[in-house]
Number of protein chains: 2
Amino acid sequence: MSYPPGFRIERERTRPEKAGDVARSKAIQAAIELFSTSGYNKTSIAEVALRTGLSQSGLLHHFPNKTALLTAVLEQREKEDSEFLFGEGEPPLGWAAFDSLVALVARNSTRPEWIGLFVRISAEATEASHPANRWMLDHYSSVRAWLTRALEHGKENGEVIPDAPVDAIVRNTIAVLDGLQQQWVAEPHSMSMVAELRVYLHQLHTVWGTA
Amino acid sequence: MSYPPGFRIERERTRPEKAGDVARSKAIQAAIELFSTSGYNKTSIAEVALRTGLSQSGLLHHFPNKTALLTAVLEQREKEDSEFLFGEGEPPLGWAAFDSLVALVARNSTRPEWIGLFVRISAEATEASHPANRWMLDHYSSVRAWLTRALEHGKENGEVIPDAPVDAIVRNTIAVLDGLQQQWVAEPHSMSMVAELRVYLHQLHTVWGTA
DNA sequence: GTCTATACCTCGATAGAC
DNA sequence: GTCTATCGAGGTATAGAC
């Protein structure tokens, strides 16, 4: 394998990853699939390796240990979600923030692994010693901060009535999202998360919105 | 140790369990504590045995295997919850059903193990091969059936407006309950589940109730 | 960068003595 | 009813050859 002069530099400009990281990406994809159905604890790196087309040690050449694999998976999830939600610009505020959460759920409904991944990992990670514990706490904290800002902006805007109980609305909204995802993971064909969410948002608008 | 005549019979009349089942109860209690923090998969029967004051084999004399231990734990939970919710009588209907769910959460807030147990087990059990999978599906199905009946009763009663979207309200309510419990397990001192739930129920009354 | 081999755990369950 | 001993499976991680 010989490359024309400048090839490496060209590649590095379009794709920042090194060439050898193809296996890495495949491994992350395999890990997502397995974590999303069996959770982190129950998934063995041997099986991730198998699906990647590597031996166990081959896989561990790319990730020093199982935790590093999990970290890579979570980083990818965070990246894709926030790109979808915020893109390059500013996060939506007011009721628009809540609408974009519905859009995210709608999109993730077509990628069941992402829902399963979140449901399993975030439940496991409620244990303080779980490697994703800090990730989970940070994740919730940042979603809460965003939705809180969104509602306060809505109050300044006149979209939201002044005495709406911001904290409770934020926590309940996150709870509905998480809870629906869990029900959906248990029985995917029995319901439409988006339909249920629209009812919830309708309640929010009716009670706390300015008609 | 000698007992007066009739003692055994007296005991058997008041408590149906055999005398040897003290260890059994202790084991179930220990299992609840461990399952509630580490989940079922990650908990070893050896540690349950340790907390019970038995060797691993000693514990397995009372339960044929780990699954049987889980079953005993779930049966106890189901029993205590439904005794609290329904007692000897009929399940509450109409909005009263939702109020009694808040009462259950309020009571369980004082027994964190029960919240943790539910959060961990029900998330693990979304995997079809998990020993609690059927239990979880049945549990959700029966809660849905009860709340659905409650809302339909409320419509006949005039408590609930006729075109309230029953299925969505039921699923969203369960989602809020589950989601809040998960947030609470992650950071117990950061919130009051009952306070958030009251806001949610207020929305329900305002939007779907007959003023 | 990928492999085989292996060290070293932990776990669930069984056998059999007391 | 409780114990010790042990088996066998499956897991993470490391060493070292290619």
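Here is the naming used below: chain letters follow the sequence lines, and residue numbers restart at 1 for every chain. Only a predicted model underlies this, so the values are computations on that prediction, with no experimental measurement involved.
Less than 4.0 Å separates DNA chain D from at least one heavy atom of each of the following residues of residues 48-58 of chain A: A:Gln56, A:Ser57. Listed by residue number, the members of residues 119-136 of chain B with any heavy atom below 4.0 angstrom from DNA chain D form an empty set.
Contacts classified as ring pair (Phe, Tyr, Trp, His ring centres under 6.0 Å) and involving residues 68-94 of chain B (residues at least two apart or in different chains) are given here: B:Phe86-B:Trp146. Counting only residues at least two apart or in different chains, ring pair (Phe, Tyr, Trp, His ring centres under 6.0 Å) contacts with residues 104-127 of chain A comprise A:Phe118-A:His139.
Every residue two or more places apart in sequence or in another chain was checked for a salt bridge (Lys or Arg N to Asp or Glu O under 4.0 Å) with B:Asp99, and none qualifies. In this structure, the side chain to side chain contact (heavy atoms under 4.5 Å, CB included) partners of B:Leu60, at least two apart in sequence or on a different chain, are B:Ile45, B:Gln56. Under the rule for a side chain to side chain donor-acceptor pair (under 3.5 Å), A:Thr37 has no partner lying at least two apart in sequence or in another chain. The side chain to side chain contact (heavy atoms under 4.5 Å, CB included) check on B:Arg171 picks up A:Leu180, A:Gln183, A:Glu187, A:Ser190, A:Met191, A:Glu196, B:Arg144, with sequence neighbours excluded. Under the side chain to side chain contact (heavy atoms under 4.5 Å, CB included) criterion, B:Ser55 pairs with B:Ser57, sequence neighbours left out.
The nearest whole Å value for the distance from the CZ atom in A:Phe63 to the P atom in D:dT12 is 15 Å. Summarising the geometry, the separation between CD1 on A:Ile45 and P on C:dC3 is reported as 14 Å, rounded to the nearest angstrom. The CG-P distance, from B:Leu59 to C:dC11, rounds to 14 Å in whole Å. Going from atom NZ of B:Lys42 over to atom C1' of D:dG10 covers 17 Å, rounded to whole Å. Distance A:Tyr40 OH to D:dG11 C1': 12 Å, rounded to the nearest Å. The distance between atom CG of A:Asp21 and atom C1' of C:dG1, rounded to the nearest whole Å, is 12 Å. In this structure, A:Asn65 places its CG atom 9 Å from C1' of D:dA13, rounding to the nearest Å. If you take CZ of A:Arg24 and P of C:dT2, they are 13 Å apart, rounded to a whole angstrom.
Residue A:Leu60 is classed as a base contact, given a heavy-atom separation below 4.0 Å to a base. Contact annotation for B:Thr67: no contact, since no heavy-atom pair falls under 4.0 Å across all strands.
With a 4.5 Å cut-off on side-chain heavy atoms, B:His130 and B:Asn41 count as touching.
Under the salt bridge (charged side-chain N to carboxylate O under 4.0 Å, His left out) rule, B:Glu33 has a single partner from B:Lys26, B:Arg120, B:Arg51, which is B:Arg51.
Residue A:His61 places none of its side-chain N or O atoms closer than 4.0 Å to OP1 or OP2 of C:dC3. Proximity of B:Ser44 to the phosphate of C:dT10: no side-chain N or O atom is located under 4.0 Å from OP1 or OP2.
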